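Inspection log for the structure reproduced underneath, given as structure tokens.
What you see is a predicted model, and the numbers here were worked out from it, not measured in a lab. Along the sequence shown, the residues carry numbers beginning at 1. Scope of the values below: all heavy atoms of this structure, side chains included, with no hydrogens, waters or symmetry mates.
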Amino acid sequence: MKKSLVFMLACLLATWGCASIVYVSQETGKGQLMTATDDVPLQPTALYVTAFDDSMPDVSHDGNWVAFKRVVGGFDRIIVRKKGDAAGTTERDLAQGLRPRWSPAGDWIVFRNQGKIYRIRPDGTSLTQITNPPAGVTDIFGHDCWNANTLVFGRGTGSMPGQTVGLYLQDLTTAAVTGPFAAGSNPVVSHDGSLLVSEVKIPLAAMMLHYININRVPTLQFVNRFSFAYGPNNLTISNAAHFAFSADDERLLFSAIPPNETKREIYSIKFDGSDMKRLTTNGWDDVYPDGYK
């Protein structure tokens, strides 16, 4: 009893801790899902032991299920599996696609396939196409659930990232589309639904301007903007990507290339830009972090 009380007090006193992270390690040349509590540096273990190339994990809001992309026979498949299921008895292959995202209630999984966005029940039923992009544009620029009834996604031509890509909303009941309401791509909504992070990349001469915007939902009130270097041989971290929220929605998780290194590692940062932490130090590509309770 005393030990449990001490542990609970330690969790309460820590500025950030006692939650968990799922991410992807590329140590073997194939993606493997890893899990760790958010101590620094991470002390990970394999979430599932498989022979497949697994990536793009998204943990359900209750922390019990993981949806992820798996490469099977050269095709991207959407897989769901219970978080603690080592044997794989709960695993389901749902559909062809990538970038699965859970709905807030865990009753749908939203994903992308062939330039359009779909959703499906976690049991593999009710596969439905959501978006229908006009000719010449595509919906491959990220997506998430704005709320239980609305999808937020990036749409554009892709020829000039950051200038031709915008963020749109689609009502899941009426199919009404609004936007673009902002420039950007790769939108991610916080677990509590109050914050939106998105990226803007603007080519400028021989360099790329890379901004990470944080806004309130649904008002889009500005919170903060980060700017990261983009390119090789930078003196600071570069090529930041794969943004997600920590379990408590108080930090951003992402992957980036450390100074004077070539492989991606996992980082976290506060929304005001302070207290950036490097969470992995192993020297191979670590990508797609996702916080969960």
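Annotation: cation-pi pair Arg225/Tyr211 present, NZ/CZ under 6.0 Å from the ring centroid and within 45° of its normal. Cation-pi geometry between Arg81 and Phe68 is not met at under 6.0 angstrom from the ring centre and within 45 degrees of the axis. Judged by the 6.0 Å distance and 45° axis criteria, Arg121 is positioned over the aromatic ring of Trp108.
Taking the six-membered ring for Trp, Phe254 and Phe243 have ring centres closer than 6.0 Å.
In this structure, the separation between OG on Ser268 and CG on Leu252 is 9.0 Å, given to the nearest 0.5 Å. Atom CG in Leu47 sits 9.0 Å away from atom CD in Gln32 (nearest 0.5 Å). Here the CD1 atom belonging to Ile266 is positioned 9.0 Å from the CG atom belonging to Asn282, to the nearest 0.5 angstrom. Here the CD1 atom belonging to Ile237 is positioned 10.0 Å from the CD1 atom belonging to Ile257, to the nearest 0.5 angstrom. Residue Thr150 holds its OG1 atom at 6.5 Å from CG of Leu169, rounded to the nearest 0.5 Å. The structure places CG of Asn147 at 5.5 Å from CG of Asn149, a figure rounded to the nearest 0.5 Å.
A single hydrophobic cluster is seen to contain both Val217 and Phe181, as judged by linkage of ILVMFWY side chains at heavy-atom distances under 4.5 Å, directly or through other members. Under the 4.5 Å side-chain contact rule for hydrophobic residues, Phe245 and Ile212 share a cluster. Placement of Tyr267 and Phe271 within a single hydrophobic cluster is found when ILVMFWY residues are connected by side-chain heavy-atom separations under 4.5 Å, directly or transitively. Both Val223 and Val197 belong to a single network of hydrophobic side chains, linked directly or stepwise wherever heavy atoms of I, L, V, M, F, W or Y lie under 4.5 Å apart. In the hydrophobic clustering of this structure, Phe52 does not group with Tyr48; members are Ile, Leu, Val, Met, Phe, Trp, Tyr whose side-chain heavy atoms approach within less than 4.5 Å, directly or through other members.
Residues Ile21 and Leu279 have side chains in contact (heavy-atom distance under 4.5 Å, counting atoms from C-beta outward). Under the 4.5 Å side-chain criterion, counting only non-hydrogen atoms from C-beta, Tyr288 is in contact with Pro57. The shortest side-chain heavy-atom distance between Tyr118 and Ile109 does not fall under the 4.5 Å cut-off. Annotation: side chain of Leu151 is not in contact with side chain of Trp146 (no heavy-atom distance under 4.5 Å). Side-chain contact between Glu250 and Lys270 is absent, with no heavy atoms from C-beta onward closer than 4.5 Å. Using a 4.5 Å heavy-atom threshold, the side chains of Ser20 and Lys293 count as separate. Taking 4.5 Å as the limit, some side-chain heavy atom of Leu220 sits within range of a side-chain heavy atom of Leu196. Between Leu253 and Asp290, the closest side-chain pair of non-hydrogen atoms is not below 4.5 Å.
Counted by atom type alone, Ser255 and Arg264 present one or more donor-acceptor pairs between their side chains at under 3.5 Å. No donor-acceptor contact under 3.5 angstrom links the side chains of Tyr23 and Thr35, judged on distance only. Checking Asp286 against Thr280 by side-chain atom types alone, a donor-acceptor pair falls below 3.5 Å. Ser198 and Asn213 share no side-chain donor-acceptor pair at under 3.5 Å. A donor-acceptor contact closer than 3.5 angstrom is absent between the side chains of Thr128 and Arg119. Of the N and O atoms on the side chains of Asp107 and Ser103, at least one donor lies less than 3.5 Å from an acceptor on the other residue.
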(request) In sequence, state the C-alpha distance, the side-chain angles, and the governing distance for Tyr168 and Phe153, and then conclude on ring pair (Phe, Tyr, Trp, His ring centres under 6.0 Å). (result) CA-CA 5 Å; Tyr168 291 74; Phe153 63 99; 5.8 Å; yes

(request) Starting from the C-alpha separation in whole Å, work towards a yes-or-no answer on side-chain contact (heavy atoms from CB on, under 4.5 Å) for Val59 and Trp102. (result) CA-CA 7 Å; Val59 182; Trp102 288 94; 5.7 Å; no

(request) May I have the step-by-step check of side-chain contact (heavy atoms from CB on, under 4.5 Å) for Arg99 and Lys69, ending in yes or no? (result) CA-CA 7 Å; Arg99 190 177 164 81; Lys69 186 200 82 169; over 6 Å; no

(message) Does Thr90 form a side-chain contact (heavy atoms from CB on, under 4.5 Å) with Trp65? I'd like the steps, not just the answer.
(response) CA-CA 10 Å; Thr90 61; Trp65 289 84; 3.9 Å; yes

(request) Evaluate the criterion side-chain contact (heavy atoms from CB on, under 4.5 Å) for residue pair Asp53 and Arg70; output intermediate values, then yes/no. (result) CA-CA 6 Å; Asp53 184 356; Arg70 170 174 288 171; over 6 Å; no

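For Phe75, the CZ atom counts as loosely surrounded, since its 6.0 Å shell holds 12 or fewer non-hydrogen atoms of other residues, nucleotides or ligands.
Side-chain atoms of Ser25 come within 3.5 Å of backbone atoms of Glu27 as a donor-acceptor pair (strictly under, hydrogens ignored). Judged purely by atom type and a 3.5 angstrom limit, Asp171 uses its side chain to pair as donor or acceptor with the backbone of Thr174. Asp249 places a side-chain N or O within donor-acceptor distance of the main-chain N or O of His191, the cut-off being under 3.5 Å.
Across every non-hydrogen atom of Glu91 and Asp85, the tightest pair is N-OD2, 4.1 Å. When all heavy atoms of Pro100 and Asp58 are compared, the pair lying nearest together is O-CB, 3.3 Å. Contact detail for Gly97 and Phe111: the closest heavy-atom pair is CA-CD1, 3.9 Å. Pro258 approaches Glu265 most closely through the heavy-atom pair CG-CG, 3.7 Å. When all heavy atoms of Asn113 and Gln96 are compared, the closest pair comes out as OD1-NE2, 3.3 Å. Across Arg251 and Asp275, no two heavy atoms sit closer than the pair NH2-O, 2.5 Å.
For the side chain to side chain contact (heavy atoms under 4.5 Å, CB included) criterion with Arg155, the lone passing option out of Asp139, Ile117, Thr138 is Asp139.
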